[in-house]
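In this chain, numbering begins with 1 at the start of the sequence shown.
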Amino acid sequence: MPASSALVTGGLGFVGAWLCRELLGRGQRVVSLDRAAREGRPSGLALLGIEDQVVEVEGDLLDPDLLARTLASHQVSVVFHLAAQTIVGTAAASPAPTFETNVRGTWTLLEACREQGVERVVVASSDKAYGTHDKLPYREDFALRPTAPYESSKAAADLIARSYWHSYGLPVAVTRFANVYGGGDTNFSRLIPEAVSAALDGRRPVLRSDGSPERDFLYVEDAARAYLAIADALDRDEVRGQAFNAGGGRPHPVGEVVDLIARLAGTGVEPDVRGTGNPAGEIDRQCVDPAKIRELVGWEPEVDLEEGLRRTIDWYRAHPEARAPALGERG
């Protein structure tokens, strides 16, 4: 019988690939379940140089037979569910496919985990599930108040996932992480990979706001360690069925973040401010309280924002093929 495996859904993506790397570092057998990588763009596993060490299963979360076969044939004991449609603008333009992937995909996977007797499941929700609150930072006992399709899809998946412990005894926990950043992120609609790419290439980083919206940030290796810490703690009843925030613990104006990137990159560029206030459909101020994960799980971030940005810049400097093209050059 093969050794048990860890399954990462969305393993070809940015955070999923770093999580696979962290699992491999522990000596874990790792399986990635994901759709095919976009043609002409290397996967996250390829960018990190670990694709030959991970068993790749190509398929769709909406295929229950594939999920059951994957869990059974690879003796999966722990699942990290990161696969999702994560782009806010895409969700707003195409809500139905987003709900299919993020909501139906989550319950389809959880059903397979329940039927196959998976021992531990960690489901990635998002700090966006909280919606807008006047009081910051978000705590896990805050109401989920989404008002947009992406936020709503993550809130629904969050509630469904936690119900599988309370209703069926499936050992599951949910993560509500702040904005994760680091090397290998090729979603250039996000602030940091676009700004880093621009700064290194001598272009002016584009700000879609006036720089005032505030965000909480989490370095990707800290995020990967948080997933593992939560999974390790799922043998305890006080962790099962719970949601956990993770982030830096304080908000940063995005304009200051871009200024810091420009300074650390050392190329002397200044931001191209194209917005007035907060972009439509996005939350103005966000920050999560990480006290619960620290107290119950023993995790806290090791990398502050400046050090994380320095590591991110160094990664993209060493991997020019992974930088964002100029806006006018994108297909």
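Proximity of Arg311 to Asp314: side-chain heavy atoms (C-beta onward) are nowhere separated by under 4.5 Å. Two residues are said to be in side-chain contact when any heavy atoms from C-beta on lie closer than 4.5 Å; Val206 and Arg274 meet this criterion. The closest side-chain heavy-atom distance from Val55 to Arg29 is below 4.5 Å. Between Ser197 and Arg203, the closest side-chain pair of non-hydrogen atoms falls below 4.5 Å. Within the 4.5 Å cutoff, side-chain heavy atoms of Leu23 are placed close to those of Val8. Residues Ile192 and Asp185 are not in side-chain contact: their nearest non-hydrogen atoms beyond the backbone lie 4.5 Å or more apart. Contact annotation: the side chain of Val220 approaches that of Phe14 to within less than 4.5 Å [non-hydrogen atoms, C-beta and beyond].
Judged purely by distance below 3.5 Å, without hydrogens or angles, the side chains of Tyr130 and Arg176 pair a donor atom with an acceptor atom. Side-chain N/O atoms of Tyr164 and Glu111 include a donor and acceptor closer than 3.5 Å. In this structure, a donor-acceptor pair under 3.5 Å is absent between the side chains of Ser32 and Asp34. Counted by atom type alone, Thr101 and Gln85 present zero donor-acceptor pairs between their side chains at under 3.5 Å.
Listed for the Ser126 side chain is a donor-acceptor partner under 3.5 Å among the backbone atoms of Lys128. Formation of a donor-acceptor pair under 3.5 Å by the His74 side chain with backbone atoms of Thr70 is not found in this model. A donor-acceptor distance shorter than 3.5 angstrom exists from the side chain of Arg204 to the backbone of Pro271, with no hydrogens or angles considered. In terms of modelled atom types and a separation under 3.5 Å, the side chain of Asp216 and the main chain of Pro251 share no donor-acceptor contact. Listed for the Arg294 side chain is no donor-acceptor partner under 3.5 Å among the backbone atoms of Pro301. Between the Asp289 side chain and the Arg139 main chain, no donor and acceptor come within less than 3.5 Å of each other. Between the Gln28 side chain and the Ser4 main chain, a donor and an acceptor come within less than 3.5 Å of each other. Checking side-chain atoms of His133 against main-chain N and O of Ala143 turns up a donor-acceptor pair under 3.5 Å.
Transitive grouping of hydrophobic side chains (ILVMFWY, heavy atoms separated by less than 4.5 Å) keeps Val172 and Val239 in distinct clusters. Note on Leu144 and Trp107: separate hydrophobic clusters, where clusters join Ile, Leu, Val, Met, Phe, Trp and Tyr whose side-chain heavy atoms are under 4.5 Å apart, directly or indirectly. Transitive grouping of hydrophobic side chains (ILVMFWY, heavy atoms separated by less than 4.5 Å) brings Val121 and Ile160 into a common cluster. By the rule that hydrophobic residues join a cluster once side-chain heavy atoms approach within less than 4.5 Å of another member, Val122 and Leu33 end up as members of separate clusters. In the hydrophobic clustering of this structure, Leu260 does not group with Val269; members are Ile, Leu, Val, Met, Phe, Trp, Tyr whose side-chain heavy atoms approach within less than 4.5 Å, directly or through other members.
Between Arg120 and Asp232 the shortest heavy-atom distance is NH1-O, 3.0 Å. Nearest approach of Leu82 to Val15, heavy atoms of both residues: CD2-CG1, 3.8 Å. The two residues Pro205 and Glu270 come nearest to each other via the heavy atoms CD-O, 3.7 Å. Taking each heavy atom of Val297 and Ala233 in turn, the nearest pair found is CG2-CB, 4.3 Å.
Here Phe244 and Phe177 keep their ring centres 6.0 angstrom or further from each other.
Note that OG1 of Thr132 and CZ of Arg285 are 11.0 Å apart. Values are rounded to the nearest 0.5 Å.
In this structure, Arg323 fails the cation-pi test against Tyr316, since its NZ or CZ atom is not both closer than 6.0 Å to the six-membered ring centre and inside 45 degrees of the ring normal.
Using a 4.0 Å cut-off between charged nitrogen and carboxylate oxygen, Arg225 and Asp222 count as a salt-bridge pair. Between Glu214 and Arg250, no side-chain nitrogen of the basic residue sits less than 4.0 Å from a carboxylate oxygen of the acidic one, so the salt-bridge criterion is not met.
The neighbour count for Arg35 CZ, taken as heavy atoms of other residues, nucleotides or ligands under 6.0 Å away, does not exceed 12.
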Does Arg263 form a salt bridge (charged side-chain N to carboxylate O under 4.0 Å, His left out) with Glu306? I'd like the steps, not just the answer. CA-CA 11 Å; Arg263 177 171 66 80; Glu306 182 163 343; 3.7 Å; yes

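Note on ring orientation: taking the six-membered ring where Trp is involved, the planes of His252 and Phe217 are tilted (angle from 30° to 60°).
Checked options Leu61, Leu67, Val103; the residue passing with Thr108 is Leu67 (criterion: side-chain contact (heavy atoms from CB on, under 4.5 Å)).
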